[in-house]
Amino acid sequence: MPVTIILGAQWGDEAKGKIADLLSGDAAVVARFNGGDNAGHTVINSYGEFKLRLLPNGFASPETRCVIGPGVAINLQTLADEIAMLGERGLPIRERLWVSPRCHVVMPYHPLLEAIYEDAKGAAKTGTTRRGMGPVYADKVSYNGIRLADLMDRNVLAEKLRVQLAVKNSILEAFGTPALDLHVVLDEIQDKFNQIREVVREPFGMLQDTLMASKQVVLEGAQAALLDTDWGTYPYSTASTTLAGGITAGLGIAPRWIERVIGVSKAYQTRVGSGPFPTELTGGPGEVMLKRGQEYGTVTGRPRRCGWLDLDLLRFTAQLNGFTELALTKLDVLDSLEELQIGVGYRHPELGEAVVHYWQGDARWLERCEPVYEAKSGWLQSTAEARRFDELPASAQAYIRRVEAFVGTPISMVSVGPERSEILPVPVL
Ligand code: GDP
Ligand code: IMO
Ligand code: MG
């Protein structure tokens, strides 16, 4: 079965981009199936450093086809900019890029509506990336979306925009945001669409042929399980499904093709934006993680909140997605810490001494939970040079094996630096 899925196992930014880059060398197709340009995936390979928000990996291998499935929301400007950027860096992608005409398009009113909601919520805001994701997916499921296919015919687009602006402008104006002009928006959208028109073609048939020929397909998830619309810390979550099961709706690939489901987790925990985070640290080791890990959002530049690795969450996301393996990243960030803690469950004030789990409650419930920790010794030496598991300090090996045992999923690789080469295979126990 030729499909490998790479998924975020925490709250995002686990280094999915790096793992996808590593695995995409041999792939016939690399595809995105969810999210939009709220994602920011860093890749450092022989061509340099890339921070991609919409395009999947695979761009660095000239024979690989890159696909964006219907589950992805398209910001036309971001797509045009990324295609142009790769071209300028000697990696032309237009002829091997397939963007489904079923993709919904982020319209100029989506980020504006999102800002109105976020501002109205005040302290309870989600802390979104403000790329219009909530409103674009809300329009999709309430039959008010505009898809790439609609952009092919000016009359169709004009009529859809007329209806949407009639509703959206009244909301914008009610909250003090100037209304959008139909003709200005129409021209702007058509202009941007013309820059990417040739890559809009349905990949379904090509994907099915690739699967039937048993060629390798790599799927690059965006966001992460704890941001999933249904299973994440709603409403501190994102707007699309982030789970392995999302590939059928988001791309048109049936579950029976899946061979590997790789959950990517940092060796500690981060989140950007609001919402519960039981093992969060303010200061001390959290500061070390922020600085050494360079934990600043790829899209917004916001500092990421940092904390101890939460194994109750990781076991949950492994069960939810059926991870066949884990990639543990950024181990090197913990190098200077003398003692480490790992979260192994929670206590809730109303449930006494019982150790409880994430899935038992909602975000408000989780806010009140106190983590139960297990202490582990640090290793106080650099791991960045290690290229084999047995070159890692004994306490680092013990940390990795503990994670594996608790989660019940083998760790197949460990990453000790941002470069492609800074990754080591972990022998099966
Ligand atoms: P993604 O959204 O899951 O693809 O992850 P991001 O690209 O948003 O964030 C991961 C960050 O960690 C990037 O800046 C990477 O260059 C960096 N990174 C990846 N792996 C490692 C690692 O093993 N060690 C360190 N120190 N940095 C890493
Ligand atoms: P990658 O793919 C980390 C977070 C936002 C916010 C919440 C909702 O790089 O891992 P949204 O803009 O999606 O409506 O914001 O989700 N978020 C991410 N956090 N990594 C991401 O993507 C994220 N995409 C969205 O910070 O808390
Ligand atoms: Mg990211």
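In listed order, ligands and their atoms are each counted from 1.
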Mark the output for Lys16 as yes if a heavy-atom distance to ligand 2 is under 4.0 Å, and as no if none is. yes
Give yes if a backbone or side-chain nitrogen or oxygen of Asn38 is under 3.5 Å from a nitrogen or oxygen of ligand 2, and no if not. yes
N/O separation below 3.5 Å, Ala39 to ligand 2: no
Asp13 OD1 and Gly40 O subtending at the Mg ion (ligand 3) (10° steps): 160°
So which protein heavy atom does atom 6 (C) of ligand 2 come closest to, and at what separation? Gly127 O, 3.2 Å
Is the Lys NZ or Arg CZ of Arg89 less than 6.0 Å from the centre of Phe50's six-membered ring, within 45° of the axis? yes
Is it true that some N/O/S atom of Gly297, main chain or side chain, lies under 2.8 Å from the Mg ion (ligand 3)? no
How close does the nearest protein non-hydrogen atom get to atom 3 (C) of ligand 2, and which residue and atom is it? Asp13 OD2, 3.2 Å
At a non-hydrogen distance cut-off of under 4.0 Å, which region of Arg271 contacts ligand 2 (side chain, backbone, both, or neither)? neither
Contact between ligand 1 and Glu295 is defined here as a heavy atom of the residue under 4.0 Å from a ligand atom; is it met? no
Please indicate whether any nitrogen or oxygen in Lys16 is less than 3.5 Å from any nitrogen or oxygen in ligand 1. yes
Is there any N or O on Arg131 that sits under 3.5 Å from an N or O of ligand 2? no
Which ligand 1 atoms does Arg304 reach within 4.0 Å, using its non-hydrogen atoms? 8 (O), 9 (O)
Would a distance-only check, ignoring hydrogens and angles, find a side-chain to backbone donor-acceptor pair under 3.5 Å from Asn57 to Gly17? yes
Under-4.0 Å heavy-atom contact with ligand 2, by part of Val272 that carries it: both
Does Gly293 come within less than 4.0 Å of ligand 1, judged by its heavy atoms? no
Counting heavy atoms only, which of Gly273, Gly221, Ser237 is nearest atom 8 (C) of ligand 2? Ser237
Below 4.0 Å, non-hydrogen atoms only: which portion of Tyr236 touches ligand 2? Side chain, backbone, both or neither. neither
Lys18 heavy atom under 4.0 Å from ligand 1: yes
Among Glu14, Gln223, Glu114, which one puts a heavy atom closest to atom 23 (C) of ligand 2? Gln223
When you compare the side chain of Lys215 with that of Arg65, does any pair of heavy atoms fall below 4.5 Å? no
Any atoms of ligand 2 less than 4.0 Å from a non-hydrogen atom of Trp11? List them with their elements. 3 (C), 19 (N)
Nearest non-hydrogen protein atom, atom 13 (O) of ligand 2: Thr238 OG1, 2.6 Å
Min N/O separation Gly12 to ligand 1 under 3.5 Å: no
So, 4.0 Å and heavy atoms of Thr298: is ligand 2 close enough to count as a contact? no
Which ligand 2 atoms are under 4.0 Å away from a heavy-atom of Thr129? 11 (P), 12 (O), 15 (O)
Under 4.0 Å, heavy atoms only, figure out whether ligand 2 is touched by the backbone of Arg302, its side chain, both or neither. side chain
Going by the 4.0 angstrom heavy-atom rule, the piece of Ala224 near ligand 2 is neither
Quick one: which ligand 2 atoms are inside 4.0 Å of a heavy atom on Ala222? 2 (O)
Residue, atom name and distance, where the atom is the protein heavy atom closest to atom 10 (C) of ligand 1: Asp13 O, 3.8 Å
